[in-house]
Amino acid sequence: MKTVDLTAIQVRFDATTFSRESFVNAMGRYIRLARGLWRGERHVTVFPEFFPTFLYPAFRGMALEGGPGKILLKYALKNTGLSLNPFRQAFLKHTLEIECFYRETFGALAGEFKTYLLAPSILMPEVDIESSRGTFLRDKRLYNMAYLFNPQGRLIAKIAKHNLTDAESGILFSRGSSFGNTAETSIGTLGVAICYDMFFESEVRQLDSRGCEILLVPSCNFAPWKAPLTESTQERVWFRDGPISASKDRENIRFLVNAMAVGDVGGQTAQGRSSIWHDGKVLAVSREFELEDVVNATVELDL
């Protein structure tokens with residue numbers, strides 16, 4: 001038996017304040033807060049979905065209004081090039097620079113704090129490294145993608161969101177169905193379902209059949225989390241149809257770690273409560289749905 005800390009980082013972001021220095025400092029501060037809660041011999045840390053997308057340099061100086069979809073479109077219009085797909089081209093312009101920063105930032109944090117680390121997902125095409133070519137674009141389609149690092153800081157998996165919301169499809173995200181979503185590690189098989197993926201039975205069933213033991217779910221939800229007591233709330237729907245359903249009575253999935261982003265993006269507010277589950281039962285859940293938080297549970301695994 002080995003004890004493992006499962007940690008969900010509930011990031012509160014403000015898209016108007018991103019700079020590389022402040023971003024690195026903020027991510028490091030969250031991990032240090034997590035380390036103060038760790039009691040296990042090994043650690044798994046999960047960040048939420050989407051917010052690093054605002055690291056792309058042209059967002060700085062923009063008036064970020066109208067919600068995420070309109071902000072992304074505004075970015076594209078500001079940075080279009082000669083392309084049949086100007087929206088895509090706007091992001092490709094800075095992809096290699098942003099991918100390098102993202103990979104080095106979270107790889108360094110994983111190595112420094114000796115944790116398996118699922119970096120927050122970001123809008124990005126597939127980037128690869130080849131010895132003679134260096135870093136290059138393997139695929140120019142844009143994905144909602146997250147990188148998974150081991151405790152030595154090495155990238156061990158890239159996961160792209162398989163199932164897109166109507167809003168994501170409408171602004172030309174591509175489905176990441178060609179990407180795998182599991183990784184064999186020293187603490188067992190880790191699986192990743194990016195936000196909406198968690199709500200698809202076919203997706204969870206496939207993860208389970210591939211031996212996923214710990215399911216990592218980075219999320220960002222712009223629907224109101226609370227509502228009058230007489231109405232069904234997003235919170236009830238989320239937990240019932242998400243973590244409870246995904247982690248209960250599965251062949252292999254034993255634990256689920258759901259990290260949620262909160263904060264304002266152009267007038268739309270992300271809300272949610274990060275949580276950790278075991279066989280459909282909650283082990284730890286944030287008391288906050290609008291503020292930052294770090295949620296941790298120390299569990300025992302047969303290794």
Side-chain angles (χ1 to χ4, degrees), residues 1-12 27 29-49 106 109-110 113-120 146 148-151 159 182-183 185-195 197-198 204 207-208 211-221 225 235-236 238-262 271-289 291-303:
M1 283 283 192
K2 292 286 186 180
T3 52
V4 178
D5 287 298
L6 303 177
T7 305
I9 306 292
Q10 185 161 300
V11 173
R12 188 180 189 280
M27 298 304 104
R29 181 176 63 83
Y30 282 119
I31 295 279
R32 284 190 293 274
L33 289 172
R35 183 173 59 184
L37 301 174
W38 290 346
R39 299 293 180 266
E41 300 162 88
R42 304 186 189 184
H43 322 288
V44 179
T45 305
V46 183
F47 278 89
E49 180 188 24
F106 289 102
L109 288 172
F113 293 92
K114 306 303 179 189
T115 177
Y116 286 99
L117 188 152
L118 183 67
L148 178 64
F149 298 88
N150 70 11
I159 300 94
T182 59
T185 76
S186 65
I187 59 172
T189 302
L190 303 182
V192 180
I194 299 179
C195 198
D197 285 344
M198 175 178 60
V204 177
L207 282 158
D208 193 40
C212 170
E213 297 163 87
I214 304 174
L215 181 54
L216 315 180
V217 186
S219 302
C220 183
N221 173 39
W225 193 250
E235 180 175 33
R236 292 174 196 151
W238 186 276
F239 287 156
R240 182 194 66 212
D241 298 333
I244 294 176
S245 176
S247 64
K248 185 179 181 181
D249 299 328
R250 299 292 176 176
E251 188 70 19
N252 293 296
I253 296 172
R254 297 172 59 193
F255 297 97
L256 184 148
V257 185
N258 181 205
M260 303 197 72
V262 299
Q271 297 181 339
R273 297 172 68 197
S274 299
S275 55
I276 300 165
W277 302 75
H278 174 56
D279 293 338
K281 297 179 180 179
V282 67
L283 295 179
V285 62
S286 176
R287 295 181 180 180
E288 308 291 346
F289 68 96
L291 302 176
E292 68 174 40
D293 201 2
V294 177
V295 179
N296 187 77
T298 306
V299 303
E300 290 188 342
L301 298 179
D302 293 319
L303 301 179

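No hydrogens, no waters, no symmetry mates; every other heavy atom, side chains included, goes into these values.
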Identify the heavy atoms of [X] and [Y] that sit nearest to each other, and give their distance.
X      : Y      : result
Ala193 : Leu215 : N-CD1, 3.9 Å
Asp293 : Glu288 : OD2-CG, 4.3 Å
Leu216 : Pro218 : O-CD, 3.6 Å
Glu41  : Met1   : OE2-O, 4.3 Å

Return yes if some donor-acceptor pair links the side-chain N/O of [X] with the main-chain N/O of [Y] below 3.5 Å, else return no.
X      : Y      : answer
Gln10  : Leu291 : yes
Asn258 : Ser275 : no
Arg273 : Phe289 : no

Query - With sequence neighbours excluded, residues passing side-chain contact (heavy atoms from CB on, under 4.5 Å) with Glu213 - result: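 Glu213: side-chain contact (heavy atoms from CB on, under 4.5 Å) contacts with Thr189.
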**Report entry** Partners meeting side-chain contact (heavy atoms from CB on, under 4.5 Å) with Ala110 (sequence neighbours left out)
**Finding:**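 For Ala110 the side-chain contact (heavy atoms from CB on, under 4.5 Å) partners, ignoring immediate neighbours, are Leu117, Phe149.
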Query raised in the report: How would you list, by chain and number, every residue that makes a salt bridge (charged side-chain N to carboxylate O under 4.0 Å, His left out) with Arg250, sequence neighbours excluded?
Result: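 Expected list: Glu201.
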Requested in this report: Return yes if a side-chain donor-acceptor contact under 3.5 Å exists between Ser219 and Glu49, otherwise no.
Outcome: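 There is no such pair between these side chains.
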Query raised in the report: Do we see a donor-acceptor contact under 3.5 Å between the side chains of Tyr116 and Ser186?
Result: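 Present: a donor and an acceptor within the cut-off.
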Is [Y] close to [X] at the side-chain level, that is, under 4.5 Å between some pair of heavy atoms?
X      : Y      : result
Phe255 : Leu283 : yes
Asn252 : Cys212 : no
Val11  : Pro120 : no
Asn221 : Met260 : yes

Query raised in the report: Which residue pairs pass the side chain to side chain donor-acceptor pair (under 3.5 Å) test when at least one of the two sits in residues 239-248, sequence neighbours left out?
Result: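 The answer is none; no pair qualifies.
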Enumerate donor-acceptor pairs with a distance under 3.5 Å from any side-chain N or O in residues 294-303 to protein atoms, sequence neighbours excluded.
from: Asn296; atom 1: OD1; to: Thr7; atom 2: OG1; distance (Å): 2.6
from: Asn296; atom 1: ND2; to: Asp5; atom 2: OD1; distance (Å): 3.2
from: Thr298; atom 1: OG1; to: Asp5; atom 2: OD1; distance (Å): 2.6

Requested in this report: In sequence, state the C-alpha distance, the side-chain angles, and the governing distance for Ile31 and Phe106, and then conclude on side-chain contact (heavy atoms from CB on, under 4.5 Å).
Outcome: CA-CA 11 Å; Ile31 295 279; Phe106 289 102; over 6 Å; no
Reported [atom1]-to-[atom2] distance for the pair [X] and [Y], which is rounded to 0.5 angstrom:
X      : Y      : atom1 : atom2 : value
Ile187 : Thr3   : CD1   : OG1   : 11.0 Å
Met198 : Leu207 : CE    : CG    : 12.0 Å
Ile244 : Asp279 : CD1   : CG    : 12.5 Å
Ile276 : Ser286 : CD1   : OG    : 10.5 Å

Requested in this report: Determine, step by step, whether Thr185 and Asn150 satisfy the side-chain contact (heavy atoms from CB on, under 4.5 Å) criterion, reporting the C-alpha distance in whole Å, the side-chain angles of both residues, the deciding distance to 0.1 Å, and the verdict.
Outcome: CA-CA 8 Å; Thr185 76; Asn150 70 11; over 6 Å; no
Requested in this report: Applying side-chain contact (heavy atoms from CB on, under 4.5 Å), run through Thr45 and Trp38 and close with a yes or a no.
Outcome: CA-CA 11 Å; Thr45 305; Trp38 290 346; 3.4 Å; yes
Requested in this report: Using ring pair (Phe, Tyr, Trp, His ring centres under 6.0 Å) as the criterion, list what pairs up with Phe239, not counting sequence neighbours.
Outcome: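 Result, ring pair (Phe, Tyr, Trp, His ring centres under 6.0 Å) vs Phe239: Trp225, Trp277.
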Report task. Would you sort out whether Ile253 and Val204 count as a side-chain contact (heavy atoms from CB on, under 4.5 Å), showing the intermediate values? Result -> CA-CA 9 Å; Ile253 296 172; Val204 177; 3.9 Å; yes
